[in-house]
2 protein chains.
Amino acid sequence: MNERRPTIHDVAARAGVSKSLVSLAMRGSPKVSDASRAAIEKAAAELGYRPNATARSLADSRSRTIGVNMAELDNPIFPEMLGGAHTVIRSRNYNTMLVSGERDPELETMELAKLLEFQVEGLILISHRLPAETVRSLADEVPIVVLTLKDLTGPGIDSVVTDDEAGTRMAMQHLFHLGHRDIAHVSGGSLEPAVVRERLYRSEMQAAGLGSMTRVIEGDLTNLGGLEAARTLLQEGKPPTAIFASNDISALGVMAACQEFGLSIPSDISIIGYDGIALGALRTLSLTTVAQPLGLMGQVAAQRLFDRMAGTQIDDRSIVLEPELLTRGTTAPPRV
Amino acid sequence: MNERRPTIHDVAARAGVSKSLVSLAMRGSPKVSDASRAAIEKAAAELGYRPNATARSLADSRSRTIGVNMAELDNPIFPEMLGGAHTVIRSRNYNTMLVSGERDPELETMELAKLLEFQVEGLILISHRLPAETVRSLADEVPIVVLTLKDLTGPGIDSVVTDDEAGTRMAMQHLFHLGHRDIAHVSGGSLEPAVVRERLYRSEMQAAGLGSMTRVIEGDLTNLGGLEAARTLLQEGKPPTAIFASNDISALGVMAACQEFGLSIPSDISIIGYDGIALGALRTLSLTTVAQPLGLMGQVAAQRLFDRMAGTQIDDRSIVLEPELLTRGTTAPPRV
DNA sequence: ATGAAAGCGCTAACAG
DNA sequence: CTGTTAGCGCTTTCAT
């Protein structure tokens with residue numbers, strides 16, 4: 001398994017032509033005679049020739065590779081967005097180089113640097129927490145598209161996000177329409193997406209004349225965080241009739257806590273999440289939620305990246321997609 | 001953002017030394033005088049120099065890259081295994097190049113070819129369905145480690161699997177001990193991991209003198225497949241007291257079907273899955289299952305790959321890890 | 001239509 | 001310690 005791989009040179013020798021011609025033939029150039037082409041193809045096949053993409057990258061200084069950073073694997077929204085991006089990257093005949101800094105900003109920074117050393121032509125960043133300094137400093141070397149973080153948008157950095165204000169309004173309006181007034185919020189702490197959702201929760205409550213019923217328990221966008229936040233809330237005394245969780249996986253934690261306290265969903269208490277993870281559609285869970293078009297976000301991010309790489313003139317650096325309310329089984333009118 | 005990046009040559013010129021010395025310095029060689037090193041580092045910093053990994057790969061013919069193929073993003077076991085592999089790949093200072101053939105064997109084959117063109121030094125394949133021919137033919141070019149598919153093991157191909165026979169026995173014994181006798185199986189069709197589980201289900205039933213109660217409904221290891229299989233089963237008439245599903249996501253589908261039929265879990269019917277996806281631990285689901293050490297499998301796969309790459313002499317090509325029964329909330333004694 | 005030659009940016013002997 | 005000389009495998013002028 002270690003006899004030096006055949007190179008373009010070997011193919012040329014065997015086919016009795018020059019390296020250049022083989023190079024042209026391999027890339028399907030029309031200016032290669034049928035005879036030569038046949039000879040070359042034959043030689044290549046016999047040798048089991050496989051072009052060396054590394055050498056090619058170096059020679060024409062194009063890596064045909066996109067770097068993708070995905071921080072956390074435990075929230076399914078990231079793989080879902082990755083899937084979307086991956087699809088378009090592949091359809092453009094590019095490759096995906098994936099790295100992950102595992103929530104450690106320093107490691108993250110190093111990994112991003114490695115991506116650049118590999119000459120990636122663009123970067124797609126999929127994470128709720130990113131070392132802002134690093135990202136900004138990279139932006140003048142390659143185009144970057146960030147998912148879910150609008151605040152990072154700036155020179156050289158595009159972002160693809162969902163209109164969280166509209167989404168949160170949908171969630172709240174849905175609950176209001178069902179008749180809920182005593183609505184609590186399990187937040188996501190200080191992470192960007194969570195902050196907007198919390199702000200809108202508060203303003204919607206206010207606008208509905210329910211300012212005094214506002215209750216926010218801090219979570220952290222994880223399942224366990226949701227579980228604990230809800231426990232805290234339910235221990236306090238009279239439970240709200242509905243809980244809006246900052247994202248789906250924390251909403252699932254909230255559901256678990258409710259069950260622990262003997263509350264049945266949705267008859268005793270309604271739960272609504274945010275994100276629209278595929279999982280939530282499982283009949284077993286049937287989580288009502290505000291869905292972000294996750295796969296589409298990934299696709300759009302990749303498309304925008306290719307546009308930037310092509311130098312297309314685009315002014316707007318932020319792409320905002322619309323969320324959609326998915327009414328499923330965890331919300332119902334409050335018990336009267 | 002397009003002024004040609006500085007190269008080692010630029011750094012050398014600026015520091016007043018030769019390229020080679022810069023090369024040595026960049027890689028932290030001890031045989032560089034402090035003076036030179038300082039000058040070089042200063043020049044590099046001022047220039048914003050970033051080594052070109054592509055050129056390096058070509059020069060020393062080592063890509064420091066592992067190719068990973070992950071077919072499906074919709075079953076969380078794959079990302080979980082990826083996470084494990086990724087961790088050790090990174091710890092060895094290697095990069096991960098990820099591709100996905102999206103269940104299309106032809107595409108899959110092309111993607112794998114691209115990986116080799118990028119000179120990956122090894123391949124980790126994470127999928128339940130792989131084009132066997134292709135994989136075998138690649139095996140004499142780079143070491144390969146396959147996850148979850150023991151049948152592919154062979155020359156140049158190692159595999160990391162869980163002892164599914166033992167795992168299935170655990171599942172069945174658990175149900176037997178609880179007192180179940182009328183146990184049905186929602187299978188996973190003809191995919192390798194599913195076949196073993198079905199076979200063992202049958203033999204365990206037989207061994208327990210329950211051969212006549214054996215009932216297998218064909219699923220396909222997807223959530224929907226599990227849902228539909230269970231519906232079919234429940235429509236037939238008297239439901240079994242327990243169902244063993246071939247994997248977790250189909251087990252979740254089975255749970256949903258049971259709920260549709262008004263059966264409550266686990267008092268009316270017990271459900272046990274297989275895989276141990278993180279999700280199953282959510283209190284909301286609390287799925288009893290036979291857990292495979294998913295993350296560990298990924299880690300072990302990567303470690304084995306590095307061993308092969310290093311030429312370490314190892315005879316056994318198949319690593320079999322032990323499964324573990326996770327008794328959670330979906331199983332209980334049958335109603336008397 | 002085809003070949004020769006000059007790199008792409010870096011590493012790797014081999015001399016000093 | 002440091003510089004020189006060759007490549008790595010491929011693309012790309014520029015001739016022919």
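Reminder, nothing fancy here: chain letters follow the sequence lines and each chain counts from 1. Predicted model, so just to flag it, every value in this text is computed and none were measured.
- Taking only side-chain nitrogens and oxygens, B/Ser33 comes nearer than 4.0 Å to OP1 or OP2 of D/dT2.
- Proximity note for A/Asn52 (side chain, C-beta onward) versus D/dC1, C/dC10, D/dC10: the nearest is D/dC10.
- Comparing the end axes of the helix from C/dA1-D/dT16 to C/dG16-D/dC1, each fitted to five base pairs by superposing C1' atoms of four pairs onto the next four, gives an inter-axis angle of 30° (nearest 10 degrees).
- For the pair A/His9 NE2 and C/dA4 P, the interatomic distance rounds to 10 Å; values are reported in whole Å.
- The base of C/dA4 sits within donor-acceptor range of the side chain of A/Ser20, with an N or O pair under 3.5 Å.
- In this structure, the nucleotide among C/dG3, C/dC8, D/dC10 sitting nearest to the side chain of A/Thr7 is D/dC10.
- Looking only at atom types and distance, the side chain of A/Ser159 has a donor-acceptor partner in the side chain of A/Ser318 under 3.5 Å away.
- Remark: B/Ser23 is in phosphate contact with C/dT11, judged by side-chain N or O atoms under 4.0 Å from OP1 or OP2.
- Atom NZ in A/Lys31 sits roughly 9 Å away from atom C1' in C/dA1 (whole-Å rounding).
- Between B/Arg62 atom CZ and D/dG9 atom P there is a gap of 16 Å when expressed in whole angstrom units.
- Within the 4.0 Å cut-off from OP1 or OP2 of D/dG9, not a single side-chain nitrogen or oxygen of B/Ser61 is found.
- Looking at A/Thr109, A/Leu115, A/Leu116, A/Leu125 one by one, the single match for side chain to side chain contact (heavy atoms under 4.5 Å, CB included) with A/Leu138 turns out to be A/Leu116.
- As judged by a 4.0 angstrom heavy-atom cut-off over every strand, A/Val22 is placed among residues making no nucleic acid contact.
- A close approach under 4.0 Å does occur between a side-chain nitrogen or oxygen of A/Arg27 and OP1 or OP2 of D/dT11.
- Taking a cutoff of 4.0 Å between a charged side-chain nitrogen and a carboxylate oxygen, A/Glu108 and A/Arg129 do not qualify as a salt bridge.
- In this entry the distance linking CD1 of A/Ile40 with P of C/dG3 reads 8 Å, nearest Å.
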Pair A/His86, A/Val68 - check side chain to side chain contact (heavy atoms under 4.5 Å, CB included), show working. CA-CA 9 Å; A/His86 198 263; A/Val68 177; over 6 Å; no

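- Rounded to whole angstrom, the span from the NZ atom of B/Lys19 across to the C1' atom of C/dC8 amounts to 10 Å.
- One atom, CE of A/Met26, and another, P of D/dC10, lie 9 Å apart when rounded to the nearest Å.
- Residues B/Pro51 and B/Ile8 form no side-chain contact, since every pair of their non-hydrogen atoms from C-beta on lies 4.5 Å or further apart.
- Rounded to an integer number of Å, the gap from CG of A/Leu21 to C1' of D/dC10 is 14 Å.
- Straight-line distance from the CG atom of B/Leu24 to the P atom of D/dG3: 11 Å, rounded to whole Å.
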